[in-house]
*Asks:* 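Would you mind keeping the following structure in view while I ask a few things?
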Amino acid sequence: MRALGKLNARLRVWPREGWLVGGAVRDLWLGQKPKDLDFAVPDPRAEAERLRQMLGGHVFELKDGLVRLVTDAGAIDFSPLPPTGLAADLLRRDYTVNALAMNQRGVVFGIGPARSDLASKTLRAVRRENLEADDLRSLRGIRLWVTHGLCPEPRTWGWIQAHAGGLRFRRRPAWERVRDELTAILMHPRAAFGLEALRKSGLLAVYLPELAASVGVAQYGHHHLDVWGHTLEALAYLVWRFPESDLSLRLAVLLHDVAKPLVRQWDERRGYYRFFFHDEVGAKVAQGITRRLRFSRQVEQRVIQLVRRHMRLPPAAGGPALRRWVFQHQALLPDLLKLQCADRAATRGLRANPDEPHCLQALIGVVTELKTAQRSQRPLLTGHDVMALLGLKPGPLVGAALAALREAQALGTVHSQEEAKVFIQSWYEAQAARARHPTHP
């Protein structure tokens, strides 16, 4: 261990006899703001409690003597300093750029080539056995490559690939930890690069085998790439064209064709593959993936619906047909259109098919205005009005009548209360007629 330099990093907290270690020091060295802080201290529990009294928050004991203080400003971890000293703590870390420690005066200590690796943006494993000590460390290496531009040197890359191969036959890390690393990759501007790095490392088959199954699955016909290549191109287009895209939308683009390997059928007459119901089957596969990775219920449901409806394009004619499409899909807009833009742009590539994605993009503003107008419309009748008009008691029929009226109002066929009453009476008579004369198969 040797001194690498000095940083002018003023932190609002500092534990007694503590060292700031790991990724926080790396980020400060690279001029970035650390997300969380990790201190090595002689007594983690005592320091966590002392700082809790100063900062507030809650203290949690984790495995291997690790103690975490969660505050409104973020998490602070306290790990036990090894009896043999700080050097032993650094030597057990994953990569040289993480094997760093800083004292309260700002002096940074590291091992071996840590300083040169930071300068050259090189990702170098401290030791092979260190990678295998925590099964998440290979995935973390890919994430650092994406988020920090730290490129694995050849020996480290070989170790990551070997580690990924072994992971396919043993228990994975906690899925919540995997989710956090994948989220960091997916939310970065180089998300498509990161997913391809996962494929090349072998980690895609470990954590997202459903996507790994799409590699090399030819499509032909309208597509100029296989399913995996199309997926990456769609993701790259989304991030480039819509950089504000949230996690749910990025996941939906990543998974929109995940079921194609399952439903692929060769069409002899047309000379290319068909993928019937890949949207419906894909929604079920997406549900399994988002649940396995412990994404929130809100993210899960939005991804499922976006995947399920990504083939339902808006009508080109506009007018009432477009208003109906907006009404039916308003909860997913404008994200559904953005997904469809990315999907179409990646079908034949931007040069071969420049018009369709741009036409869809042009619709985003129109659709957003229609959605806003429809949501701002005040109901012309209440449930009590409908029950009084039709002589009904509370029940599902009243809700169905109100839903039909909301759609008619959104489509512009009903404008006033009088027109609404006429519409409801006609709708109810039609329902009664269907009940009296049901259609037989």
Side-chain angles (χ1 to χ4, degrees), residues 186-187 189 191-192 219 221-225 230-258 260 275 277-280 282-283 286 298-299 301-377 403-404 406-415:
L186 201 54
M187 293 306 297
Q219 303 186 86
H222 299 294
H223 290 83
H224 74 125
L225 296 171
H230 167 79
T231 299
L232 286 185
E233 190 169 349
L235 180 60
Y237 181 89
L238 179 84
V239 174
W240 165 67
R241 181 62 184 81
F242 307 108
E244 76 284 355
S245 300
D246 66 8
L247 177 61
S248 299
L249 179 54
R250 294 184 186 216
L251 276 169
V253 171
L254 182 65
L255 301 177
H256 77 281
D257 281 349
V258 69
K260 279 190 171 181
F275 303 92
F277 307 113
H278 77 275
D279 45 358
E280 288 291 338
Q298 181 180 4
V299 169
Q301 289 303 309
R302 190 160 185 84
V303 171
I304 291 170
Q305 291 304 317
L306 285 169
V307 172
R308 176 172 287 132
R309 301 192 187 190
H310 80 272
M311 295 297 291
R312 303 182 190 181
L313 294 171
L322 180 59
R323 288 197 294 270
R324 179 177 285 107
W325 184 89
V326 171
F327 179 79
Q328 293 171 346
H329 299 90
Q330 60 178 275
L332 298 175
L333 297 174
D335 283 357
L336 180 59
L337 263 179
K338 293 178 181 178
L339 188 161
Q340 292 168 340
C341 288
D343 188 16
R344 293 306 177 272
T347 299
R348 293 184 181 177
L350 287 175
R351 292 184 179 178
N353 187 21
D355 294 331
E356 189 172 11
H358 291 307
C359 290
L360 287 171
Q361 289 172 28
L363 271 178
I364 291 178
V366 176
V367 163
T368 302
E369 290 180 6
L370 282 174
K371 173 185 173 182
T372 302
Q374 289 180 0
R375 287 195 165 183
S376 64
Q377 289 176 331
R406 282 195 299 271
E407 181 173 1
Q409 188 177 355
L411 297 179
T413 57
V414 174
H415 302 88

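Keep in mind it's a predicted model, so treat the numbers as computed, not measured.
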*Asks:* Please lay out, stage by stage, how Phe242 and Ile364 fare under the test side-chain contact (heavy atoms from CB on, under 4.5 Å).
*Replies:* CA-CA 12 Å; Phe242 307 108; Ile364 291 178; 3.8 Å; yes

*Asks:* Mind checking side-chain contact (heavy atoms from CB on, under 4.5 Å) for Gln305 and listing every partner two or more places apart, or none if nothing turns up?
*Replies:* Arg308, Arg309, Leu332

*Asks:* Could you walk me through whether Glu280 and Met311 satisfy the side-chain contact (heavy atoms from CB on, under 4.5 Å) test, starting with their C-alpha distance in whole Å, then the side-chain angles of each, then the deciding distance to 0.1 Å, before giving a yes or no?
*Replies:* CA-CA 10 Å; Glu280 288 291 338; Met311 295 297 291; over 6 Å; no

*Asks:* Kindly give the heavy-atom pair with the smallest separation between Ala234 and Ala342, and that separation in Å.
*Replies:* O-CB, 3.4 Å

*Asks:* List the residues meeting side chain to side chain donor-acceptor pair (under 3.5 Å) with Arg406, not counting sequence neighbours, and say none if there are none.
*Replies:* none

*Asks:* Using every non-hydrogen atom in the two residues, find where Ala286 and Val303 come nearest and quote the distance to one decimal.
*Replies:* CB-CG1, 4.2 Å

*Asks:* Sequence neighbours left out, what passes side chain to side chain donor-acceptor pair (under 3.5 Å) with His230? Give chain and number order.
*Replies:* His256, Asp257, Asp343

*Asks:* Which heavy-atom pair separates Ser248 from Leu306 by the least distance, and what is that distance?
*Replies:* O-CD1, 4.3 Å

*Asks:* Within the 4.5 Å heavy-atom criterion, are Gln301 and Ile304 side-chain neighbours or not?
*Replies:* yes

*Asks:* Between Leu247 and Leu186, does the side-chain contact (heavy atoms from CB on, under 4.5 Å) criterion hold? Intermediate values first, please.
*Replies:* CA-CA 7 Å; Leu247 177 61; Leu186 201 54; 4.0 Å; yes

*Asks:* Start with the C-alpha distance between Leu363 and Leu322, add both sets of side-chain angles, then the distance that settles side-chain contact (heavy atoms from CB on, under 4.5 Å), and finish with yes or no.
*Replies:* CA-CA 10 Å; Leu363 271 178; Leu322 180 59; 4.1 Å; yes

*Asks:* Short question: side chain of Ser245, backbone of Val239 - any donor-acceptor pair under 3.5 Å?
*Replies:* no

*Asks:* Please confirm whether the backbone N or O of Arg312 pairs with a side-chain atom of Gln340, one donor and one acceptor, at under 3.5 Å?
*Replies:* yes

*Asks:* Does Arg302 have any salt bridge (Lys or Arg N to Asp or Glu O under 4.0 Å) partners at least two apart in sequence or in another chain, and if so, which?
*Replies:* Asp335

*Asks:* Can you see which heavy atom on Ala252 is nearest to which on Leu339, and at what distance?
*Replies:* CB-CD1, 3.7 Å

*Asks:* So, using side chain to side chain donor-acceptor pair (under 3.5 Å) as the criterion, who are the partners of Arg323 when residues are at least two apart?
*Replies:* none

*Asks:* Mind checking what makes salt bridge (Lys or Arg N to Asp or Glu O under 4.0 Å) contact with Glu407, not counting sequence neighbours?
*Replies:* Arg324

*Asks:* For Ala410, enumerate each residue passing the side-chain contact (heavy atoms from CB on, under 4.5 Å) test, keeping only those at least two apart in sequence or located in another chain.
*Replies:* Phe327, Gln374, Gln377

*Asks:* For Asp279, enumerate each residue passing the salt bridge (Lys or Arg N to Asp or Glu O under 4.0 Å) test, keeping only those at least two apart in sequence or located in another chain.
*Replies:* none

*Asks:* Considering all heavy atoms of both residues, which atom of Leu337 and which atom of Pro314 are nearest to each other, and what is their separation?
*Replies:* CD2-CG, 3.8 Å

*Asks:* Only counting residues at least two apart or in another chain, list the ones meeting side-chain contact (heavy atoms from CB on, under 4.5 Å) with Thr372.
*Replies:* Thr368

*Asks:* Got a sec, which pairs hit ring pair (Phe, Tyr, Trp, His ring centres under 6.0 Å) with one end in residues 329-348, sequence neighbours left out?
*Replies:* Trp325-His329

*Asks:* Within this structure, what is the CD-CG distance for the pair Gln330 and Leu333, rounded to the nearest 0.5 Å?
*Replies:* 8.0 Å

*Asks:* Under the salt bridge (Lys or Arg N to Asp or Glu O under 4.0 Å) definition, can you give me all pairs with a residue in residues 244-255, not counting sequence neighbours?
*Replies:* Glu244-Lys338

*Asks:* If you round to the nearest 0.5 Å, how far is NE2 of His224 from OG1 of Thr347?
*Replies:* 7.5 Å

*Asks:* Check side chain to side chain donor-acceptor pair (under 3.5 Å) between Gln219 and all other residues, then give those that pass, not counting sequence neighbours.
*Replies:* Lys260

